[in-house]
Amino acid sequence: MANQKLDGLDKQILKLIAADARIPFLEVARACDVSGAAIHQRIQKLTNMGILKGSQFIMDPEKLGYETCAFIGLNLKNPEDFDRVVEELKHIPEVTECHYTTGNFDMFIKIYAQNNHHLLTIIHDKLQPLGLSSSQTLISFYSAFEHQLPIMEMVDTEE
């Protein structure tokens with residue numbers, strides 16, 4: 001996947017839309033000195049390549065009543081149940097991310113809860129029945145920052 005063919009225009013478009021996903025395509029076209037149709041074609045190309053995976057509004061969990069953010073390392077009793085557990089985790093709305101990991105855990109999840117009591121209920125009622133041998137919970141006090149990955153300044157791969 002590292003050999004995606006991106007040229008200078010692709011990178012310029014990615015930088016602009018990463019900074020503001022709501023930027024109008026015509027504004028991107030003006031900044032890139034190309035037509036609006038060219039921007040639409042490039043956005044479609046980047047989407048087809050899997051580089052762009054859509055767009056979304058980002059909601060503030062705390063303003064929606066989810067005051068507790070936690071990261072939980074999970075170990076399964078039977079590691080062969082991994083795929084089943086991942087599918088079941090997808091159906092727990094409070095679980096927002098699930099990662100395959102190395103190290104001390106089979107998987108690592110990010111979860112939002114209304115408060116610590118709600119978090120305990122989720123762990124007890126929704127996670128433990130999945131067949132865990134152990135788990136470790138880390139509560140996040142505050143997210144210091146979040147940002148998009150930088151568009152790498154590399155030599156153009158398109159020739």
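Numbers here simply count residues along the sequence, with the first being 1. Only this structure's heavy atoms are used, side chains among them; waters, hydrogens and symmetry mates stay out. The structure presented is a predicted model; accordingly, all values stated were derived computationally and were not measured.
- Proximity of Arg42 to Leu9: side-chain heavy atoms (C-beta onward) are separated by under 4.5 Å at one or more points.
- Ser140 is linked by a side chain to side chain contact (heavy atoms under 4.5 Å, CB included) to Cys69, Phe71, counting only residues two or more places apart in sequence or in another chain.
- When all heavy atoms of Thr137 and Ile72 are compared, the pair lying nearest together is OG1-CG1, 3.7 Å.
- Using a 4.5 Å heavy-atom cutoff, the side chains of Ile123 and Ile111 are not in contact.
- The cluster map of Ile, Leu, Val, Met, Phe, Trp and Tyr, joined by side-chain heavy atoms under 4.5 Å apart, puts Leu119 and Tyr66 in different clusters.
- The environment of CD1 in Ile58 is sparse: at most 12 heavy-atom neighbours from other residues, nucleotides or ligands sit within 6.0 Å.
- Linking ILVMFWY residues whenever their side-chain heavy atoms come closer than 4.5 Å, directly or via other members, leaves Ile139 and Tyr112 in distinct clusters.
- Ion pairing between a basic and an acidic side chain is recognised when a charged N comes within 4.0 Å of a carboxylate O; Glu87 and Arg84 show no such pairing.
- The 12-atom threshold is exceeded at CG of Asn78, counting heavy atoms of other residues, nucleotides or ligands nearer than 6.0 Å.
- Annotation: the span from Leu149 atom CG to Ile151 atom CD1 amounts to 8.0 Å, rounded to 0.5 Å.
- To the nearest 0.5 angstrom, Leu46 atom CG is 12.0 Å from Lys11 atom NZ.
- Counting heavy atoms of neighbouring residues, nucleotides and ligands inside a 6.0 Å radius, atom CD of Gln128 exceeds 12 of them.
- Between Val85 and Asp106 there is no side-chain heavy-atom pair separated by less than 4.5 Å.
- When the side chains of ILVMFWY residues are joined at heavy-atom separations under 4.5 Å, either directly or via intervening members, Leu132 and Leu120 end up in two distinct hydrophobic clusters.
- Checked by atom type, the side-chain pair Asn75/Ser134 shows a donor-acceptor distance below 3.5 Å.
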Kindly determine whether Lys15 and Asp20 satisfy salt bridge (Lys or Arg N to Asp or Glu O under 4.0 Å), including the steps that lead there. CA-CA 9 Å; Lys15 286 177 185 176; Asp20 179 5; over 6 Å; no
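- Rounding to the nearest 0.5 Å places CG of Leu74 at 12.0 Å from NE2 of His99.
- At a threshold of 4.5 Å between non-hydrogen side-chain atoms, the residues Leu130 and Lys77 do not count as touching.
- Residue Glu97 holds its CD atom at 14.0 Å from CE of Met107, rounded to the nearest 0.5 Å.
- In this structure, Gln136 contributes its side chain and Asn104 its backbone to no donor-acceptor pair below 3.5 Å.
- The shortest heavy-atom contact between Asn116 and Thr68 is OD1-OG1, 3.3 Å.
- Around NE2 of His91, the count of heavy atoms belonging to other residues, nucleotides or ligands within 6.0 Å exceeds 12.
- By the 30° and 60° cut-offs, the orientation of the rings of Phe108 relative to Phe105 is tilted.
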Begin with the C-alpha distance, continue with both residues' side-chain angles, and end with the deciding distance and a verdict on ring-ring contact (aromatic ring centres under 6.0 Å, His included) for Phe82 and Tyr100. CA-CA 9 Å; Phe82 196 90; Tyr100 298 99; 4.6 Å; yes
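- Taking both residues in full, the closest heavy atoms of Cys32 and Ile13 are given as SG-CG1, 4.1 Å, listed atom of the first, atom of the second, then distance.
- Looking at Val28 and Ile43, their side chains never come closer than 4.5 Å, going by heavy atoms from C-beta outward.
- Taking CZ of Arg30 as the start and CD1 of Ile23 as the end, the distance is 9.5 Å to the nearest 0.5 Å.
- Here Asp10 pairs with Lys45 in a salt bridge; the nearest charged N to carboxylate O distance falls below 4.0 Å.
- To the nearest 0.5 Å, atom CD of residue Gln41 and atom CG of residue Asn48 are 11.5 Å apart.
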Step by step, work out the salt bridge (Lys or Arg N to Asp or Glu O under 4.0 Å) result for Glu94 and Lys126. CA-CA 10 Å; Glu94 297 89 352; Lys126 296 180 180 182; 3.2 Å; yes
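- At a threshold of 4.5 Å between non-hydrogen side-chain atoms, the residues Ile109 and Thr96 do not count as touching.
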Output, in order, the C-alpha distance, side-chain angles, deciding distance and verdict of side chain to side chain contact (heavy atoms under 4.5 Å, CB included) for Val95 and Ile122. CA-CA 10 Å; Val95 177; Ile122 294 166; 5.6 Å; no
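- Nearest heavy-atom pair, Gly36 versus Leu26, reported as atom, atom and distance to 0.1 Å: CA-CD2, 4.1 Å.
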